[in-house]
Amino acid sequence: MTHQVTATSNFDFNASGVDEILQNVAFILSTFVISCPLYRDFGFRLDTLPPFQLAKRRNTARLLESIQRFVPQAIVIDVDYLGDAYVGKLEPVVKVIVNE
């Protein structure tokens with residue numbers, strides 16, 4: 001089953017199973033690199049500098065690397081972006097399959 005995940009600020013600390021894995025992916029999408037004290041590698045580095053197609057490709061590669069490293073149970077199928085790149089706002093939307 002394919003799940004669509006976006007960044008979120010609502011977390012359930014009692015989540016388990018598939019919900020926990022999807023929540024971990026959402027946490028990566030909402031956490032920027034260097035923002036976690038004592039673990040500066042965790043998170044996602046968003047690049048919005050022009051050219052925007054190149055920025056999307058870089059962001060997708062970084063996002064795939066972070067999810068594979070920190071949530072290996074989630075298999076990324078597709079990455080798309082919402083927002084306006086010309087304004088400098090790109091919000092990743094990730095489609096994953098959970099491998100339990």
Side-chain angles (χ1 to χ4, degrees):
M1 176 178 209
T2 303
H3 303 277
Q4 187 168 326
V5 183
T6 59
T8 183
S9 60
N10 300 327
F11 293 101
D12 178 13
F13 293 102
N14 293 322
S16 61
V18 174
D19 292 333
E20 178 184 14
I21 294 168
L22 296 175
Q23 183 171 283
N24 291 342
V25 173
F27 189 67
I28 288 174
L29 295 177
S30 63
T31 305
F32 294 105
V33 171
I34 303 177
S35 66
C36 287
L38 302 177
Y39 202 24
R40 300 296 183 183
D41 289 348
F42 182 81
F44 168 58
R45 179 180 315 206
L46 186 62
D47 186 6
T48 57
L49 298 175
F52 297 112
Q53 293 302 322
L54 179 60
K56 286 182 181 181
R57 281 187 236 127
R58 283 183 186 160
N59 291 336
T60 300
R62 291 174 181 160
L63 190 60
L64 289 172
E65 181 181 326
S66 291
I67 292 172
Q68 288 173 353
R69 180 174 176 195
F70 296 111
V71 189
Q73 303 92 342
I75 300 169
V76 178
I77 300 301
D78 186 37
V79 178
D80 198 11
Y81 292 90
L82 296 175
D84 189 1
Y86 297 105
V87 176
K89 181 178 180 182
L90 293 175
E91 181 182 340
V93 177
V94 179
K95 291 182 183 174
V96 297
I97 294 177
V98 176
N99 186 13
E100 295 182 88

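Values in this document were obtained by computation on a predicted structure and should not be read as measured data. Positions are given from 1 along the sequence.
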If I take atom CG from residue Asp80 and atom OG1 from residue Thr6, how far apart are they, to the nearest 0.5 angstrom?
12.0 Å

Between Leu64 and Arg62, is there a side-chain heavy-atom distance shorter than 4.5 Å?
no

Could you tell me the separation between the CD1 atom of Ile77 and the NZ atom of Lys95, rounded to the nearest 0.5 Å?
10.0 Å

Any side-chain heavy-atom pair of Val94 and Asp78 under 4.5 Å
no

Please lay out, stage by stage, how His3 and Ile97 fare under the test side chain to side chain contact (heavy atoms under 4.5 Å, CB included).
CA-CA 6 Å; His3 303 277; Ile97 294 177; over 6 Å; no

May I ask you to list the residues sharing a hydrophobic cluster with Met1, side-chain cutoff 4.5 Å, ordered by chain and number?
none

Among the clusters formed by ILVMFWY side chains lying less than 4.5 Å apart, do Val98 and Val93 turn up in the same one?
no

What pair of heavy atoms forms the shortest contact from Phe11 to Ser30, and how long is it?
CZ-OG, 4.0 Å

With the 4.5 Å side-chain cut-off for hydrophobic clustering, are Phe70 and Val76 part of the same group?
yes

Throw together a table of side-chain donor-acceptor distances under 3.5 angstrom for residues 13-29, partners on residues two or more places apart or in other chains.
| residue | atom | partner | partner atom | Å |
| --- | --- | --- | --- | --- |
| Gln23 | OE1 | Asp12 | N | 2.8 |
| Gln23 | NE2 | Asp12 | O | 3.0 |
| Asn24 | ND2 | Glu20 | O | 3.3 |

